[in-house]
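What follows is a single structure, written as structure tokens, with notes after it.
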Amino acid sequence: MTIQTVATQPFAGQRPGTSGLRKKVTEFQRPGYLENFVQAIFDTLGDCAGQTLVVGGDGRFHNRAAIQTILRMAAAHGFARVLVGQGGILSTPALSCVVRKRGAMGGIVLSASHNPGGPDGDFGIKYNIANGGPAPEKITEAIYAHTQTITAYRISDASSLDLDALGEQRLEHTVIKVIDSVADYAELMAGLFDFAAIRALFARGFTMRFDGMHAVSGPYAKAILEGLLGAPAGTVINGVSLEDFGGGHPDPNPVNAAELIALMAAPDAPDFGAASDGDGDRNMIVGRGIDVTPSDSLAILAANAAVAPGYRAGIKGVARSMPTSTAADRVARELGVPCFETPTGWKFFGNLLDAGLVTLCGEESYGTGSTHIREKDGLWAVLFWLNLLAVSGKSVAQIVQEHWARFGRNYYSRHDYEAVDGAAAHGLMAQLREQLAQLAGATLGQFTVALADDFAYTDPVDHSVSTQQGVRIVMSDGSRIVLRLSGTGTEGATIRLYLEKYEADPARHAIPTQQALAGLIAIAGELTQIAARTGRAAPTVIT
Ligand code: G16
């Protein structure tokens, strides 16, 4: 075994987006493409000698090949230990958990999250820092800068390692330890939630379906729900992880998890339904005949946090991304704790969590999490809901309706226009930005504009500033139209239009969502000329 220095040239476009570098698998298969990015990570980290690194991915196509390369490069950079999930598998939350628990310098996550997988699908890589969370922008920008000047990478020429047998192997001077993918994570969950109460719930005949979408969370859900909590076999559906996710789109929303939604709408529906995404960090919560919006789910968990042993002491604060509905703000106000509004991207929650300013965080994109790790966590949210259902004895629908009756309902929807021509999408945003100055105070339909701006965020901890994080048009009654371009797509541009309308009157809480939002949808259409500019009569996906 020797360490090779291989000459290379920069690739364009290796700037990490909302959550790491995401590209087509074929791009990652180009000689040197992955190596350059990994070298840029190690160059950014500096001296890695004596350090521990954690590596794992969501099991999608190219996961194993990429991990073999990363292990050989880690050995060439003098890491003392690399912990790798068995079979190369670690869900994103499990990786965050292992980094924190094992005192690692950081971790490398191989995933393109909810994006489709397979040879023609997407792949991704992300670096997480010692707190277990995604690297902040100053690090991702430094990584990008290194990719643009790179001339060589260092790699051991050792042969492939066995990723399936638990235990230690040696690569150059580095110990590679294959660890159980689930154990550390399951232990953390058992410490946060009332497993005895959930076990008793299942023993009483409570029924549930967890849709693993053939992605990474299946094995975690089986071990915890069907194993530790005694849910009957068959509770976890689509629970076998496949390299192409069975050809599906592992994004847990009512459109992509249509099978689960149909099951939950049937007369003999189970009591509770849930789904997670490609890398296990997203969650969708469904009751009989009702799917809970991620924004409502965050607000409901915040209002009821004390049911779970891990949160019995109360919550210090809540954070949500700017496009997420303001339902959580109302709960925070009543609890007398702060609510922070951050740009889209879980990385923006890290400082708030580290500083102890918030306990719970959430995003409209089906992400919810807490101080327990520094990633959003799909199964954690499902267990939180199970804990709430077990302790309250209520149904999902009852919990949601009672929440609305108490706090009011924030009708909410996101309209996505996917794979739009990049120039058209940027043109739309530019034209909208130009209108902002004139919009304040304007009357639009039944609404008066109270604020129209391009969201900028100053991190309250390190005071870093992030600008151009999305256009928001806020009406005097709190209703909002928000537009931004996705930072996770790999084809053209994806325009996200977010709509929110507050309704205090419980007599008006059963209106179909799109109907409740129709006035705002029409205004957004006129302001943006989205149909004409994109050539699309309707959004690709409505959630
Ligand atoms: C990532 C980020 C989230 C973000 C989501 C959508 O999630 O971690 O914070 O909300 O992408 O981002 P965008 O609107 O830019 O596409 P994931 O689950 O894809 O890692």
Side-chain angles (χ1 to χ4, degrees), residues 3-48 51 53-79 82 84 88 90 92 95 99 104-113 115 117 119 121-130 133-157 174 278-279 345-347 487-491:
I3 292 167
Q4 314 276 321
T5 298
V6 182
T8 188
Q9 285 187 340
F11 290 90
Q14 289 200 323
R15 172 176 262 138
T18 308
S19 187
L21 182 68
R22 290 187 190 168
K23 299 282 178 195
K24 292 281 170 209
V25 166
T26 45
E27 188 87 4
F28 272 100
Q29 286 172 327
R30 293 170 70 184
Y33 192 88
L34 173 72
E35 289 85 345
N36 278 16
F37 194 78
V38 174
Q39 183 65 48
I41 294 175
F42 292 156
D43 285 343
T44 303
L45 297 182
D47 187 8
C48 306
Q51 301 283 358
L53 182 73
V54 183
V55 180
D58 62 12
R60 68 178 57 226
F61 184 82
H62 203 53
N63 191 48
R64 282 175 178 265
I67 288 178
Q68 295 287 354
T69 300
I70 293 167
L71 295 179
R72 288 190 288 127
M73 289 185 71
H77 287 81
F79 279 93
V82 181
V84 55
L90 280 174
T92 295
L95 180 133
V99 167
M105 179 188 208
I108 295 180
V109 187
L110 287 321
S111 172
S113 187
N115 296 14
D122 291 348
F123 194 73
I125 178 168
K126 179 172 83 163
Y127 182 70
N128 281 22
I129 58 176
E137 267 181 353
K138 63 174 188 302
I139 295 182
T140 56
E141 282 300 305
I143 293 170
Y144 173 62
H146 279 290
T147 68
Q148 296 309 291
T149 55
I150 193 165
T151 55
Y153 61 83
R154 277 183 295 135
I155 188 163
S156 162
D157 64 0
T174 303
D279 60 334
W346 202 262
K347 59 191 173 213
T488 57
T490 57
E491 261 175 69

## Note on the structure
Here the salt bridge (Lys or Arg N to Asp or Glu O under 4.0 Å) pairs for residues 33-47, sequence neighbours left out, are none

### Task
Could you name each residue pair satisfying salt bridge (Lys or Arg N to Asp or Glu O under 4.0 Å) that touches residues 63-72, not counting sequence neighbours?
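Listed by first then second residue: Arg64-Asp164.
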
Which atom names give the shortest non-hydrogen contact between [X] and [Y], and what distance separates them?
X      : Y      : result
Leu53  : Ala74  : CD2-CB, 4.2 Å
Thr147 : Ala40  : CG2-CB, 3.5 Å
Ala76  : Ser156 : CB-N, 3.8 Å
Asn63  : Phe123 : N-CE1, 3.7 Å
Ile129 : Pro136 : CD1-CD, 3.9 Å
Gly32  : Tyr153 : CA-CE2, 4.4 Å

Applying ring pair (Phe, Tyr, Trp, His ring centres under 6.0 Å), name anything that partners [X], two or more places apart in sequence or on another chain.
X      : result
Phe61  : none
Phe42  : His77, Phe79
Tyr144 : none

Separation of [Y] [atom2] from [X] [atom1] (nearest 0.5 Å):
X      : Y     : atom1 : atom2 : result
Ile108 : Ile41 : CD1   : CD1   : 4.5 Å
Leu21  : Phe11 : CG    : CZ    : 11.0 Å
Thr5   : Gln39 : OG1   : CD    : 8.5 Å

Do [X] and [Y] make a side-chain contact, defined as non-hydrogen atoms from C-beta onward lying under 4.5 Å apart?
X      : Y      : result
Leu110 : Asp58  : no
Thr69  : Val38  : no
Ile70  : Ile125 : yes
Ile155 : Ile3   : no
Thr92  : Lys126 : yes
Arg154 : Met73  : no
Phe37  : Pro16  : yes

### Message
Please verify the inter-ring angle class for His62 with Phe28; under 30° counts as parallel, over 60° as perpendicular, anything in between as tilted.
### Response
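Tilted, since the angle between the ring planes falls between 30° and 60°.
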
### Task
For Asp279, enumerate each residue passing the salt bridge (Lys or Arg N to Asp or Glu O under 4.0 Å) test, keeping only those at least two apart in sequence or located in another chain.
none

### Query
CD of Glu491: more than 12 outside heavy atoms within 6.0 angstrom?
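It does not: Glu491 CD has 12 such atoms or fewer within range.
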
Are any side-chain N or O atoms of [X] and backbone N or O atoms of [Y], one a donor and one an acceptor, separated by less than 3.5 Å?
X      : Y      : answer
Ser113 : Asn115 : no
Gln14  : Tyr33  : yes
Gln148 : Arg15  : no

#### Entry: Basic-acidic side-chain contact under 4.0 Å: Asp122, Lys23
no

### Query
Are Thr8 and Asn36 close enough that a side-chain donor and a side-chain acceptor fall under 3.5 Å?
yes

